[in-house]
Amino acid sequence: MRNTPNVVSDVMTRTVVAVERGVTFKNIVKAMDRWNVSALPVVDEGQRVLGVVSQADLMLKEGFHGGGIGRSAGLGLLSDLAKAEARTAEELMTAPAITAVEDDTLAHAARTMAYYGVKRLPVIDDRGVLQGIVGPSDLLKVFLRDDGDIAEEVRREVVAFLFPEAPESIRVAVSDGVVRLTGRVPDSTLVPVAVRLAGAVEGVVGVDCDLLGPHSRPVLDRDLPGDRAVERPSGTVESP
């Protein structure tokens, strides 16, 4: 196989701008502006990730500037009010941080982003130490995967796994990330499974399936004498 991205460590940005918990509000703004980022991991002295401070967290100070919150505000705004009055990264950050680990699959990282509605994930090791950061543009790199590499994996991990008795009867072609399966399979009930597994291969955009089941064969009634049976109009059966 060619060297293609499969896990977060393959695509993450390893140079990460982070701040310690005591960094002040203005210095956080300066760091975001200098590095052109919209969020920063907050780390302790051992570089373990404590939380994330984002532009949205910082904007709360401007939003509540001048005492814009009234007595009738709901309890749901109290945490926002606390952030509006915050002065350090530890007071501003959202914690615990939503993170990824280095051996997470790209699909898992993408699902995490979508589920929590975040645009990037700090990447940590098994001790919680910051190792990198991954964003949508990093995860999309999987779709640069070579068509031949995708086809090879589908043959090995899907076709040979589901139909070990006749893998040569199934053809796999890939064009622009779209997998096309053709041929005849010994068990047609496994066709939907093949489509699902092929679609889960990293870099696959879609799956077109034209797999056919086994050839149908006549069923002979072994209780009838002779090789064939003839049914008379009256409903009686006899051998010719």
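The two atoms that bring Ile124 and Gln131 nearest to each other are C-CG, 4.1 Å, heavy atoms only. Residues Phe163 and Ala194 approach most closely at CE1-CB, 4.3 Å, considering heavy atoms. The two residues Val52 and Ala39 make their nearest non-hydrogen contact at CG1-CB, 4.0 Å. Shortest non-hydrogen contact noted between Ala109 and Val8 is CB-CG2, 3.8 Å. Of all heavy-atom pairs spanning Gly213 and Ser188, the tightest one is CA-CB, 3.9 Å. Ala198 approaches Val154 most closely through the heavy-atom pair CB-CG1, 4.4 Å.
For the pair Arg48 (side chain) and Gly128 (backbone), a donor-acceptor distance under 3.5 Å is absent. The backbone N or O of Thr24 lies less than 3.5 Å from no partner atom in the side chain of Asn27, so there is not a single donor-acceptor pair. The closest donor-acceptor contact from the side chain of Glu91 to the backbone of Thr88 lies under 3.5 Å. Using modelled atom types, one side-chain atom of Asp147 and one backbone atom of Asp176 make a donor-acceptor pair closer than 3.5 Å. Under a 3.5 Å cut-off, the side chain of Lys119 and the backbone N or O of Pro136 do not form any donor-acceptor pair. Of the possible polar contacts, one joining the Thr105 side chain to the His108 backbone as a donor-acceptor pair under 3.5 Å is found.
When side chains are defined from C-beta on, Val179 does not count as touching Asp208, because their heavy atoms never get closer than 4.5 Å. Contact of the Val11 side chain with the Leu106 side chain is registered, since non-hydrogen atoms from C-beta on lie closer than 4.5 Å. Residues Thr94 and Val53 have side chains not in contact (no heavy-atom distance under 4.5 Å, counting atoms from C-beta outward). You'll find the side chain of Val101 stays beyond 4.5 Å of the side chain of Asp125, heavy atoms only. By the 4.5 Å heavy-atom criterion applied to side chains, Pro186 and Glu165 are counted as neighbours. For the pair Val185 and Ser169, the minimum side-chain heavy-atom distance is 4.5 Å or more. Looking at heavy atoms from C-beta onward, Leu130 lies in side-chain contact with Val16 at the 4.5 angstrom threshold. Annotation: side chain of Met93 is not in contact with side chain of Pro41 (no heavy-atom distance under 4.5 Å).
The OG1 atom of Thr189 lies 10.0 Å from the CG atom of Leu162; values are rounded to the nearest 0.5 Å. Atom SG of residue Cys209 and atom CZ of residue Arg196 lie 14.5 Å apart, to the nearest 0.5 angstrom. Atom CZ in Arg184 sits 11.5 Å away from atom CD1 in Ile170 (nearest 0.5 Å). To the nearest 0.5 angstrom, Arg111 atom CZ is 9.5 Å from Asp104 atom CG. In this structure, CD1 in Ile98 is found 14.0 Å from CZ in Arg120, a value given to the nearest 0.5 Å. From Leu40, atom CG reaches atom CD1 of Ile133 across 8.0 Å, with rounding to the nearest 0.5 Å.
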Begin with the C-alpha distance, continue with both residues' side-chain angles, and end with the deciding distance and a verdict on side chain to side chain contact (heavy atoms under 4.5 Å, CB included) for Leu121 and Thr99.
CA-CA 5 Å; Leu121 299 171; Thr99 61; 5.8 Å; no
Set out, in order, the CA-CA distance, both residues' side-chain angles and the distance that settles salt bridge (Lys or Arg N to Asp or Glu O under 4.0 Å) for Arg21 and Glu45, then state yes or no.
CA-CA 9 Å; Arg21 52 182 139 196; Glu45 296 78 5; 3.2 Å; yes
Quick one: do Glu102 and Val7 satisfy side chain to side chain contact (heavy atoms under 4.5 Å, CB included)? Show the steps, please.
CA-CA 7 Å; Glu102 295 174 285; Val7 295; over 6 Å; no
Run the numbers on Glu153 and Arg145 for salt bridge (Lys or Arg N to Asp or Glu O under 4.0 Å), then give the verdict.
CA-CA 11 Å; Glu153 182 170 344; Arg145 191 177 186 189; 2.5 Å; yes
Check against side chain to side chain contact (heavy atoms under 4.5 Å, CB included), Met113 and Val134
CA-CA 10 Å; Met113 283 186 189; Val134 64; 4.2 Å; yes
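Tested against Leu92 for a side-chain contact (heavy atoms from CB on, under 4.5 Å), the candidates Leu58, Val23, Leu60 yield a single pass: Leu58.
Under the 4.5 Å side-chain heavy-atom criterion for Ile, Leu, Val, Met, Phe, Trp and Tyr, Leu140 and Leu144 are members of distinct hydrophobic clusters. Grouping the Ile, Leu, Val, Met, Phe, Trp and Tyr side chains by contacts below 4.5 angstrom, directly or via other members, places Val193 with Val159. Placement of Val158 and Val205 in two distinct hydrophobic clusters is found when ILVMFWY residues are connected by side-chain heavy-atom separations under 4.5 Å, directly or transitively. In the hydrophobic cluster analysis, where Ile, Leu, Val, Met, Phe, Trp and Tyr join through side-chain heavy atoms closer than 4.5 angstrom, Val201 is grouped together with Val172. Following chains of ILVMFWY side-chain contacts shorter than 4.5 Å, one cannot reach Val142 starting from Val207, and the two form parts of different hydrophobic clusters.
No side-chain donor-acceptor contact under 3.5 Å links Arg14 and Ser9.
The number of heavy-atom neighbours closer than 6.0 Å to CG of Asn36, taken from other residues, nucleotides and ligands shown, is 12 or below. Counting heavy-atom neighbours within 6.0 Å of Phe143 CZ, excluding the residue itself, gives a total above 12.
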